[in-house]
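Start at 1 with the first residue, then count along the sequence. Reckoned from all heavy atoms, side chains included, excluding hydrogens, waters and symmetry mates.
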Amino acid sequence: MASLSSSAQKRFELENNIKTVDQSQDLIYKYDNADQQSILSAKPWTSDVHHYKKVQISAVALIKMVMHARSGGNIEVMGIMQGKVVGDTMIVMDAFALPVEGTETRVNAQAEGYEYMVEYMLNIKEVGRMENAIGWYHSHPGYGCWLSGIDVSTQMLNQQFQEPFCAIVIDPNRTISAGKVELGAFRTYPAGYTPPDEAPSEYQNIPLSKIEDFGVHSKKYYQLEVSYFKSTLDTNLLELLWHKYWVNTLSSSPLITNHEYNARQMMDLAEKVEQAEAGISQNRFGGGGGFFSEKKKGEESLLSKIAKDSNKITVEAAHGLMNQVLKNSLFNDGVKRVA
């Protein structure tokens, strides 16, 4: 069992490209308060809205956030990240959960959530953890990594009073189905700022019920490049967290745990196919104004997007089925042979 857990951890690190920093670079965990205060005083983000371009997340913080997001099921959960900034990079060293829940695209931090965060940040400094809050994370169970209207408002407020600050979104359902962490990091633009026209971004599989909310606010924020790291300093803690994550993974099946998510995916795909057929018929008979007339230059066609959605659902279902077959072979067949 120990060898299986170790192999699974190595696979998790490879799939998410978690890089080990050299011992000489363990200083990434060193927090220089004077240096951070000088950055706060300089406020480089005021002269360049794209000043922060990257986010580096420790493996410990990553597993904490994924486990918390998975524990919420179909309910949105929220937490705070601690860390520092170096140049154009925001470094997330740790994360902790907040007693806050939401539904769909509405995560509202209640008064008790803010009180908990303030008290936690004060108490943790008493044990030598001097890192400031550097961002917040929350889950989007089943509908991808992006910022809703409520999320944009929350992030703009945070950037107004708690800079530097970033927002991270995790999709636990897609993480379970794909076997790789589905995560995105974002920062909002200042109020009144109009971003330059950019090439179409990589296509995201977003449910029809969320597309309008996504489209209305997609130009109010930009995405940061995300990478992960681990260090010799956090090996023991990472192993303890991994064992808990590994047991939860072994004791659940993606096909059963995500059955509601899988059903919603199929229903959403069926609706998109129906709308595509309606658009084709409308254009064929000279109606105009259908889906295909809305296609922008350089953007993929609607049918191409539907094909990608279909392929994604198929791959995730196959991944879940293979996981179940392997678990059955490893455990049930082994028990029968012993008996």
Side-chain angles (χ1 to χ4, degrees), residues 8 11-12 15-16 57 61-79 95 97-98 100-107 136-148 150-151 167-186 202-214 223 226 228 241-242 244-272 305-306 308-327:
R11 180 182 175 187
F12 177 86
E15 287 182 341
N16 292 287
I57 304 174
L62 176 65
I63 292 183
K64 281 186 177 182
M65 291 189 289
V66 172
M67 290 174 63
H68 184 210
R70 286 182 60 172
S71 70
N74 291 326
I75 302 296
E76 284 194 18
V77 296
M78 174 182 169
L98 287 178
V100 176
E101 292 182 350
T103 56
E104 297 185 338
T105 52
R106 299 184 180 277
V107 168
W136 68 298
Y137 71 88
H138 72 284
S139 60
H140 272 188
Y143 39 94
C145 300
W146 47 279
L147 296 184
S148 68
I150 297 293
D151 300 337
I168 283 182
V169 182
I170 303 171
D171 189 332
N173 291 359
R174 295 186 180 183
T175 295
I176 293 172
S177 294
K180 180 182 178 181
V181 177
E182 186 86 6
L183 180 150
F186 311 94
E202 184 178 350
Y203 172 65
Q204 291 191 65
N205 177 13
I206 298 173
L208 282 173
S209 59
K210 311 293 181 193
I211 285 179
E212 183 177 355
D213 193 26
F214 169 78
Q223 191 162 1
V226 180
Y228 309 105
L241 285 169
W242 175 257
K244 185 176 180 180
Y245 179 82
W246 172 238
V247 169
N248 290 339
T249 302
L250 278 181
S251 61
S252 63
S253 166
L255 297 178
I256 298 174
T257 305
N258 271 4
H259 70 279
E260 291 184 10
Y261 163 69
N262 294 331
R264 287 198 303 268
Q265 288 276 88
M266 293 299 296
M267 291 174 62
D268 187 70
L269 181 62
E271 289 181 23
K272 289 178 179 177
K305 293 177 180 179
I306 290 175
K308 282 191 174 183
D309 289 351
S310 177
N311 182 63
K312 176 179 175 294
I313 293 171
T314 304
V315 169
E316 289 180 352
H319 180 270
L321 183 60
M322 286 190 293
N323 273 351
Q324 199 61 26
V325 170
L326 286 172
K327 289 177 187 178

When you measure from the side chain of Ser139 to the backbone N and O of Val77, does any donor-acceptor pair fall under 3.5 Å? yes
Compare all side-chain heavy atoms of Ile168 with those of Trp136 and state whether any distance is below 4.5 angstrom. no
With heavy-atom distances below 4.5 Å as the criterion, would you say the side chains of Leu183 and Thr175 are in contact? no
Determine the minimum heavy-atom distance between Glu182 and Cys145, stating which atoms define it. O-SG, 3.4 Å
Nearest heavy-atom pair of Ala97 and Tyr137: which atoms, and what distance? CA-OH, 3.7 Å
Between atom CE of Met78 and atom NE2 of His138, what is the distance when rounded to the nearest 0.5 Å? 8.5 Å
Show the numbers, then the answer: is there a side chain to side chain contact (heavy atoms under 4.5 Å, CB included) between Asn173 and Arg70? CA-CA 8 Å; Asn173 291 359; Arg70 286 182 60 172; over 6 Å; no
Approximate separation, where rounding is to 0.5 Å, of Trp146 CH2 and Gln223 CD: 13.5 Å
Side chain of Asp171, backbone of Pro141: donor and acceptor closer than 3.5 Å? no
Do Ile170 and His140 touch side chain to side chain, with heavy atoms closer than 4.5 Å? no
